[in-house]
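Letters go in sequence order (proteins before strands), and every chain restarts at 1.
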Amino acid sequence: MALNLVVCLKQVPNPDLQFQVAPDGKDIKREGLNYKVNGADEYALEEAVRLKEKHGGRVVVLTLGPKRTEPMLREALAKGADEAVRVAYDDPAAFDVGKNARILAAAIRTLPHDLVLTGVQSDDYAYSATGGLVAGLLGLPHASVVTRVAVHDGDLEVACELEGGLERVVALPRPALLTIQFGANTPRYAPLPAIMKAARQPIKEIGPAALGLPGWDAIPLPYAFGVVRLSPPVAKGHAEMITGPIPEQAKKLAQLLREKGFVRR
Amino acid sequence: MAGGILVIAEHLDGKVAPSTLELIAAATSLRVERHGVRLVVFGHGVKELADHLAGYTVDVLVAEHPLLAEYTGDAYVQAVRGIVESTNPRLVLIAHTAQGYDLAPALAGAMDLPVLTNCLAIDLQEGRLVAARRILNEKVHVEVEVRSDRPIVVTMRPGATPPQGTGRGTMSVTEVPVSIDPAAVRVKFVRMERPEVADIDLSSADVIVSAGRGIQKKENLRLVEEFAKAIGGVVGASRPLTDLEWLPKTRQVGQSGKTVRPKLYVACGISGAMQHIAGMKDAGLILAINTDPTAPIFEVAHVGFVANVLELLPAVLKELKAG
Ligand SMILES: Cc1cc2nc3c(=O)[nH]c(=O)nc-3n(C[C@H](O)[C@H](O)[C@H](O)COP(=O)(O)OP(=O)(O)OC[C@H]3O[C@@H](n4cnc5c(N)ncnc54)[C@H](O)[C@@H]3O)c2cc1C
């Protein structure tokens, strides 16, 4: 029952950073940002590697993005992926999730896949849409916000997280697509020898021609998408901000807690 | 009967999701031409629910089928598809909930429709939909637009729109036929699992001090616990900490954890992701401690401390002990 597993990985700017809007208002300033693998995707990769270890098969990691994504793909190889594929779509912003998903779906068609895994959402744009779109486009059954995966002979049984800690367990046949939730497992660290080996492994590149397209803009879209503008958020409300040296902040916090009656005597 | 807005109702265990009322309000505020707003209730044995929803000043369509008794992506995509094809709306509105994540993009993929998810506000202008969103951990606001002659699938973030209230009298309730090919329903419902009740009940606490990834190490939980004790509170957490099993799942505040309404909520090293905010925004007094002055937690907090929580808490404890 060897499984062909495909994991979609996205590289995102480290979300702990502070961001500035580019002068034209169409993107953030990208110089000097550091990038990392999207949080939920780490769980998707780990789930795939565990399924391979348990049932046999191969894990292919697939990303859509510029050359800077290569270290992320190598890290995935070091963590147990067998092959890395980069769809060479170089738009650094790539705001249009529909276009991204259509290109990804076209790439997945060229790969053997019993199970496609994505993260539940991306930490940068938070659409939670790539996995579902790819499933719809490829006609795959799918389940979202998955926290547990069990593979049986003919099918899969998975637990999908709902609001408030409820879980819905569903069964679905393969091939299928799952979006994996944070905390579904404990992602491993890459062992040093594997990191060294991965540094030498080739990364397969897919350009538009390989998918039968003259260019990425030739991918048929049922709509026109545009970014109107980015701006700093206008908050509905905002905290009264306390800054300054720690001892002073501590005094203010203690005073506030006393005033409001939260300090037990 | 083209045009208008189709709103997909969400319900579980015979109860309407609060987000459905928000969708009705968002749709109604768009003042669309022609067929206006229609709410579709999919399910099995949901006529009563539909009648109830017609009280919220919206025309209701009921689409019943045994295969819709429990939500599955496959059956819902087929059922929604049928109604979208027969009514050809301009927009299909769905809540950005766990069910919405599952349904909206898959529907858009299967029907080759445009989709925009997790929107805070939307506006229909000549020939285009403009949506306001938050990106990069809520730190950047973005407006995007979509032009299409096909229905646009949109998901709205729960909590972003005030809910629709009931009006005087009720609107129409119309049953619509649903055809579902059972062979094409590949996803099968197995069972529901409900969280076990154990540990403390966060939702009954008056004071909650929650720790987030900003506390950096499990050992530092002791500091948070000590502070909580000093102010008569209990310790809650953001999701990463319960995922790491630093604290039991019962301590998780947010969309997929507990919704709490304490008198005092102190967020220690929590960024303020929408899923966390969903569980604590109605607390009486919210204090936040974070090193990043742009962290979105400061938008819901009443008082914000721009500080390293690992330095501020020991200093506060000293202050409190000094009396
Ligand atoms: C379907 C779904 C459901 C979810 N449900 C929930 C849920 O119920 N509850 C929940 O919490 N999350 C939930 N999440 C996860 C959520 O999206 C965020 O990832 C999570 O809330 C982030 O937790 P955090 O704020 O602790 O971590 P981060 O976002 O990493 O933030 C850490 C913060 O700490 C600050 N910081 C760092 N060091 C320090 C320091 N020394 N002192 C002070 N501040 C510091 C940083 O500036 C940052 O703002 C869910 C996600 C999904 C996709």
Would you mind writing out the side-chain donor-acceptor pairs for residues 308-323 of chain B within the sub-3.5 Å range, not counting sequence neighbours?
{"from": "Asn308(B)", "atom 1": "OD1", "to": "Leu310(B)", "atom 2": "N", "distance (Å)": "2.8"}
{"from": "Lys321(B)", "atom 1": "NZ", "to": "Glu226(B)", "atom 2": "OE2", "distance (Å)": "3.3"}

Could you walk me through whether Val253(B) and His276(B) pass the side-chain contact (heavy atoms from CB on, under 4.5 Å) check?
CA-CA 6 Å; Val253(B) 173; His276(B) 188 81; 3.9 Å; yes

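- Side-chain contact of Arg258(A) with Gln255(A): a donor-acceptor pair under 3.5 Å is absent, judged by distance alone.
- Ranked by heavy-atom pairs under 4.5 Å with chain A, the list Ile297(B), Val140(B), Thr242(B), Asn118(B) is led by Val140(B).
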Show your reasoning for whether side chain to side chain donor-acceptor pair (under 3.5 Å) applies to Arg239(B) and Gln275(B). CA-CA 9 Å; Arg239(B) 174 160 190 142; Gln275(B) 293 97 350; over 6 Å; no

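- Only the backbone of Leu17(A) comes within less than 4.5 Å of a heavy atom in chain B; its side chain stays farther off.
- For Pro173(A), the parts lying under 4.5 angstrom from a heavy atom of chain B are both the backbone and the side chain.
- When all heavy atoms of Lys258(B) and Ser203(B) are compared, the pair lying nearest together is CD-OG, 4.0 Å.
- Contact record, His142(A) with Ala106(B): CE1-CB, 3.3 Å, taken as the closest heavy-atom pair.
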(request) Apply side-chain contact (heavy atoms from CB on, under 4.5 Å) to the pair Val145(A) and Thr147(A), showing each step before the final yes or no. (result) CA-CA 7 Å; Val145(A) 206; Thr147(A) 57; 5.7 Å; no

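- Across all non-hydrogen atoms, the minimal contact from Thr155(B) to Gly100(B) is CG2-O, 4.4 Å.
- Residue Leu107(B): no heavy atom, backbone or side chain, is found under 4.5 Å from chain A.
- Residues Ser122(A) and Asp124(A) bring a donor and an acceptor atom of their side chains to less than 3.5 Å of each other.
- Taking Asp243(B), Val306(B), Asp102(B) one by one and counting their heavy-atom pairs under 4.5 Å with chain A, the maximum is reached by Asp102(B).
- For the 3.5 Å distance criterion, the side chains of Gln249(A) and Lys252(A) fail to qualify, holding no donor opposite an acceptor.
- Contacts of Leu113(B) with chain A are made by backbone atoms alone, with heavy-atom separations under 4.5 Å and no side-chain atom involved.
- Interface residue Ser231(A): backbone and side-chain heavy atoms are both found under 4.5 Å from chain B.
- With chain B as the partner, the residue from Pro13(A), Ala184(A), Ala171(A), Ala254(A) showing the most heavy-atom pairs under 4.5 Å is Ala171(A).
- Residue contact with chain B, scored on non-hydrogen atoms closer than 4.5 Å, involves the backbone of Asp123(A) exclusively.
- By the 4.0 Å N-to-carboxylate-O rule, Lys139(B) lies close enough to Asp292(B) to be salt-bridged with it.
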Thr130(A)/Tyr125(A) under side-chain contact (heavy atoms from CB on, under 4.5 Å): CA gap, chis, key distance, verdict = CA-CA 11 Å; Thr130(A) 304; Tyr125(A) 303 155; over 6 Å; no

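- When heavy atoms are compared at a cutoff of 4.5 Å, Pro240(B) does not approach chain A at all.
- Interface remark: Gln121(A) contributes side-chain atoms only to the contact with chain B (heavy atom separation under 4.5 Å).
- Ranked by non-hydrogen atom pairs under 4.5 Å with chain A, the options Val77(B), Leu103(B), Val142(B), Leu12(B) are led by Val142(B).
- Neither the backbone nor the side chain of Ile286(B) comes within less than 4.5 Å of any heavy atom of chain A.
- The contact between Asp112(B) and chain A is made by backbone and side chain atoms together, counting heavy-atom distances below 4.5 Å.
- Residues of residues 159-170 of chain A placed with any heavy atom under 4.5 Å of a heavy atom in chain B are listed by number as Glu161(A), Leu162(A), Glu163(A), Gly164(A), Gly165(A), Leu166(A), Glu167(A), Arg168(A), Val169(A), Val170(A).
- Among residues 28-45 of chain A, the residues having any heavy atom closer than 4.5 Å to a heavy atom of chain B are, in sequence order, Ile28(A).
- For a residue to count as touching a neighbouring chain, one of its non-hydrogen atoms must lie under 4.5 Å from one of that chain's; by this rule Arg150(B) touches chain A with the side chain only.
- Listed in order of number, the residues of residues 92-107 of chain A that approach chain B to under 4.5 Å between heavy atoms are Phe95(A), Val97(A), Arg102(A).
- Options Asn137(B), Val303(B), Val146(B) differ in how many heavy-atom pairs under 4.5 Å they form with chain A, and the most are formed by Val303(B).
- Looking at Val227(A), both its backbone and its side chain come within 4.5 Å of chain B, counting heavy atoms on both sides.
- With a 4.5 angstrom heavy-atom cutoff, Val134(A) does not touch chain B via any of its atoms.
- For chain B, the nearby part of Glu157(A) is the side chain; its heavy atoms alone come within less than 4.5 Å.
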